[in-house]
Amino acid sequence: MYQVQMAMEVTQILLNAQAVDSGVRNHAEENLKQFQEQNLPSFLLSLAGELANDEKPAESRKLAGLILKNALDAKEHNRKLELVQRWLSLDQPVKSHVKACLLKTLTSPALDARSTASQVIAKVASIELPHKQWPELIEALLSNTHQLPAHTRQATLETLGYICEEVSPDAIEQAQVNKILTAVVQGMNASESNNDVRLAATRALYNALGFAQANFSNDMERDYIMRVVCEATLSPELRIRQAAFECLVAISSTYYERLASYIQDIFNITAKAIKEDEEPVALQAVEFWSSICDEEIDILEEYGGEFSGDSDIPCFYFVKQALPALVPLLLETLLKQEEDQDQDEGAWNIAMAGGTCLGLVARTVGDDIVPLVMPFIEENIAKPDWRQREAATYAFGSILEGPSPEKLMPLVNVALTFMLNALMNDPNNHVKDTTAWTLGRIFEFMHGSTLETPIITQANCQQIMTVLLQSMNDVPNVAEKACGALYFLAQGYEDVEQSSSPLTPFFQDIIQALLNVTHRADAGESRLRTAAYETLNEVVRCSTDDTAPIVIHLVPAIITELDQTFTALCSSSEEREKRNELQGLLCGCLQVMIQKLGSSEPTKSSFLQFADQMMTLFLRVFGSKSATAHEEAMLAIGALAYCTGSDFAKYMQEFYKYLEMGLQDFEDYQVCAITVGVVGDICRALEGSILPYCDGIMTQLLKNLSSNQLHRSVKPPIFSCFGDIALAIGENFEKYLVYAMPMLQGAAELSVNTSGADDDMIEYTNTLRNGILEAYSGIFQGFKGSAKIQLLMPFAPHVLQFLDSLFMEKDMDDVVTKTAIGVLGDLADTLGSNAGILIQQSLSSKDFLNECLSSDDHLIKESAEWAKLAISRAISF
């Protein structure tokens, strides 16, 4: 009875769920939740009926559609799988009725209802089409694109676009793909009089491009699609022009190798848009060339410029060919700055887009860009109009990555003094902001141990430091860029002799200036406080032995600052957020100091006097509800464990509860992953003394691996952690073998086959493989020399089978290859003659070893040589 009543009252409940009164709203949300839990089919039918009913209020219909969508999909992977399974298990009549309501809604005069229904249909399609269900969907939609009211055609094309966005191309037959593309391209055609239909069709094509591989391989079909897209870029309607250029951008990355015969026309179209069109369209026209640069940079990096018939995609050098016309076009955009443009990150306009594209062009063509840009810089750098000075500075900063140091060095030597003077004396804030950014780029790309003639000398170092330190007192956006410039300046001395550095005479002043910045009242603007701490960290990380006393004196100052955050009153959530952010920055700062001072015996003893204070504060940070602060505190504790070694044992009893909390933190999976890494640090520090805590740690790690809620990125470090624990406790790992080994075996089998996987999946799979192999390595090494090594024999055949499979797949990256050949050596080294017999029977161990022995990577070769020695001992034993 309750459910029948709910179904009747659903309109009012949906309206109440949007009420201003929180009591009414919460009660309605609770009613909806109960209805969903008690009778899901009735709940879904009621929502679908609400969405399809034109007599219902717009607000209730829209929310009904939104809740329907959320009942089918979720961002979190495991929750999504759960919702998919739940829909598939519903009775067929229920699903059919819901789908009929959704299709009916596409004919509704109400725009919001139609648009929401489009999205929900796509969600259902993403579940059913891969399971060969709802085969009539595409035909039903295509029948809506003929002789029906414009609003229905618009909604249908929008739906087709969403389906192409949600569904994998292999879930739709090519014949239906052809029909979809035909309907979409017809909807885009200039003969279509309704702009809403043309816009929906153009956006649908954007989503459908991934389905069009076969069509782009056919000259006639490709020509037709390209003609319609190019015509749409000339539409009188702004939104259609913008959407058409978005299609061109997508085509440039998806079908780069098919563009040669269209590139001249596209250049003409994009050039006109960049010069004359409104900013949303001009931005997409610039983005087309940025995308072409990205493609050519990738191709040139992959093939090193050496192309043959075997190359997947040849480089057509579109950017190089367009260079004489493209560069002036981009330089012109740099002069279109806005007087009141936001200096914070996130602001984006045509001048910024042009500068970004110019930087990509420089990376694509190298030295060729310099003579085309320098006249613009020379002409504008000293002009009275700030826009010209800023554009010239931006142009120079943009081309510093790509051309050779030899080409740039004479220009940079002249520019450096000019830039330093401009940063001190230019009256315009925008010019100073860009000048400080450009100095940062000079230090990032033109400064370091690889250059024969350094750009920073004893003669100019004093001026550089004076200008940068003074600029840290400027307005926040300029001060933030000055911090960034100092960051790269310090980084350039990372590899100098540890005894001294050109920055040594200024070290105390640098530290003080950065601390002053963190205390500025306006340090919350333009990321200034964060930039100051990041720069402080880099200055400390790259510091030399002679400045160690200053760093040691800095430690208690940062400890005091962290301590004071716990006494600061926070009366609002914004203040609490700022405090949490500051705690994270301070923990990160202490972590760098721990790593720096703890790695050298002379400074370690002086520094360890602060260990107790730091640990106490790190533990207090866990009392906040900030994932970022937790991450930073956990990383700092890992560094402290590494530094203090066996002395860390005194902190374990109090720290253990927070360690356990971190391992259980599925929601903030980064915290969970970092905590797993810290377990490894503690294992290395405490070795056998970690044993009393291993039952709890292993129980939680195994529980994590068994959970559907665990983010996939946490699995590789957990497997690696098994190896750390085994290495620390040796044969005491015996009791965990029966649980850990089947987990490793199952994961190993899943990680072998990567056919059809995309780049992201292959990258993740290699990370997973490496974690599994590190686990095996740690376990074998942990048992080496133990009377219990026979316990490992039952698992040895599977480990070898895993190594054989990896070798056969031929898709290991270098890191996995090195770890894998190391595991082969560990197996032989630990199990001796027993392993020798198995290795001789292995399908590919000999080939794998020989391949690694002849590797160009010296780390792989080194591991292989050790493995060869271990195997020869095992075989001749």
Side-chain angles (χ1 to χ4, degrees), residues 680 683-684 687-688 691 694 698 719-749 751-752 769-808 812 815-853 859-877:
C683 286
R684 285 183 282 278
E687 296 181 332
L691 189 58
C694 284
M698 281 299 296
F719 287 131
S720 182
C721 192
F722 285 175
D724 293 326
I725 293 168
L727 207 51
I729 64 173
E731 65 180 34
N732 290 305
F733 196 79
E734 173 192 352
K735 64 162 116 174
Y736 310 124
L737 281 175
V738 68
Y739 307 105
M741 286 308 218
M743 287 272 192
L744 288 165
Q745 189 168 335
E749 286 167 3
S751 78
V752 169
R769 291 166 173 175
N770 201 57
I772 295 163
L773 291 164
E774 285 180 342
Y776 284 140
S777 179
I779 291 166
F780 283 120
Q781 288 181 50
F783 275 82
K784 186 185 174 185
S786 161
K788 298 181 178 179
I789 57 168
Q790 288 305 314
L791 293 170
L792 300 180
M793 274 309 298
F795 307 109
H798 169 73
V799 174
L800 275 169
Q801 186 187 335
F802 178 43
L803 294 174
D804 280 344
S805 302
L806 289 179
F807 180 67
M808 299 294 188
M812 283 184 283
V815 175
V816 176
T817 303
K818 177 187 172 297
T819 318
I821 199 65
V823 168
L824 188 63
D826 290 328
L827 189 75
D829 194 40
T830 300
L831 298 179
S833 58
N834 291 325
I837 296 163
L838 291 170
I839 290 168
Q840 283 179 306
Q841 294 169 353
S842 159
L843 294 171
S844 58
S845 289
K846 187 178 177 183
D847 293 338
F848 184 28
L849 181 63
N850 288 335
E851 195 171 288
C852 291
L853 285 168
L859 292 173
I860 293 174
K861 196 170 183 178
E862 204 174 274
S863 284
E865 283 166 355
W866 175 82
K868 182 184 178 183
L869 192 65
I871 291 166
S872 63
R873 280 200 303 259
I875 290 172
S876 63
F877 186 71

Full working for side chain to side chain contact (heavy atoms under 4.5 Å, CB included) between Ser845 and Leu824: CA-CA 8 Å; Ser845 289; Leu824 188 63; 3.8 Å; yes

Considering residues at least two apart in sequence or located in another chain, which fulfil the side chain to side chain contact (heavy atoms under 4.5 Å, CB included) criterion with [X]?
X: Met808; value: Leu843, Ser844
X: Asn850; value: Lys846, Leu853
X: Ser777; value: Gln781, Val823, Asp826

Shortest non-hydrogen contact from [X] toward [Y]:
X: Pro797; Y: Pro794; answer: CD-O, 3.6 Å
X: Ile789; Y: Thr830; answer: CD1-O, 3.6 Å
X: Gln745; Y: Tyr776; answer: N-OH, 3.8 Å
X: Ala828; Y: Ala874; answer: O-CB, 3.8 Å
X: Phe733; Y: Phe722; answer: CE1-O, 3.8 Å
X: Ala728; Y: Cys683; answer: CB-O, 3.7 Å

Which value, rounded to the nearest 0.5 Å, describes the distance between [X] atom [atom1] and [Y] atom [atom2]?
X: Asn770; Y: Lys818; atom1: CG; atom2: NZ; value: 8.5 Å
X: Leu800; Y: Gln841; atom1: CG; atom2: CD; value: 9.5 Å
X: Ile821; Y: Glu851; atom1: CD1; atom2: CD; value: 9.5 Å
X: Ile729; Y: Tyr736; atom1: CD1; atom2: OH; value: 5.0 Å

With Glu687, which residues qualify under side-chain hydrogen bond (donor to acceptor under 3.5 Å, both in side chains), at least two apart? none

So, does Arg873 use its side chain to make a donor-acceptor pair with the main chain of Gly832 at under 3.5 Å? no

Hey, is the main chain of Leu838 close enough, under 3.5 Å, to the side chain of Ser842 for a donor-acceptor pair? no

For residues 861-871, tabulate all N or O donor-acceptor pairs below 3.5 Å that involve a side-chain atom, not counting sequence neighbours.
from: Ser863; atom 1: OG; to: Leu859; atom 2: O; distance (Å): 3.4

Stepwise side chain to side chain contact (heavy atoms under 4.5 Å, CB included) check, Gln790 with Asn834: CA-CA 9 Å; Gln790 288 305 314; Asn834 291 325; 3.3 Å; yes

Phe780: ring pair (Phe, Tyr, Trp, His ring centres under 6.0 Å) partners, not counting sequence neighbours: none

If the condition is ring pair (Phe, Tyr, Trp, His ring centres under 6.0 Å), which residues does Phe795 pass it with, not counting sequence neighbours? none

Measuring only between side-chain heavy atoms, which start at C-beta, is Leu803 closer than 4.5 Å to Leu773? yes

Under the salt bridge (charged side-chain N to carboxylate O under 4.0 Å, His left out) rule, what pairs show up with a residue in [range], not counting sequence neighbours?
range: residues 836-845; answer: none
range: residues 776-789; answer: Glu734-Lys788, Lys784-Asp829
range: residues 720-732; answer: Arg684-Asp724
range: residues 735-746; answer: Asp695-Lys735

Dump the intermediate steps for side chain to side chain contact (heavy atoms under 4.5 Å, CB included) on Ile772 and Phe802, then the final yes or no. CA-CA 10 Å; Ile772 295 163; Phe802 178 43; 3.8 Å; yes

Could you walk me through whether Cys694 and Asn732 pass the side chain to side chain contact (heavy atoms under 4.5 Å, CB included) test, one step at a time? CA-CA 10 Å; Cys694 284; Asn732 290 305; over 6 Å; no

Strictly by ring-ring contact (aromatic ring centres under 6.0 Å, His included), give each pair with a member in residues 832-853 just once, sequence neighbours left out. Phe807-Phe848

Check each of Leu792, Leu727, Ile725, Leu791 against Ile779 using the side chain to side chain contact (heavy atoms under 4.5 Å, CB included) test, and report the only one that passes. Leu792

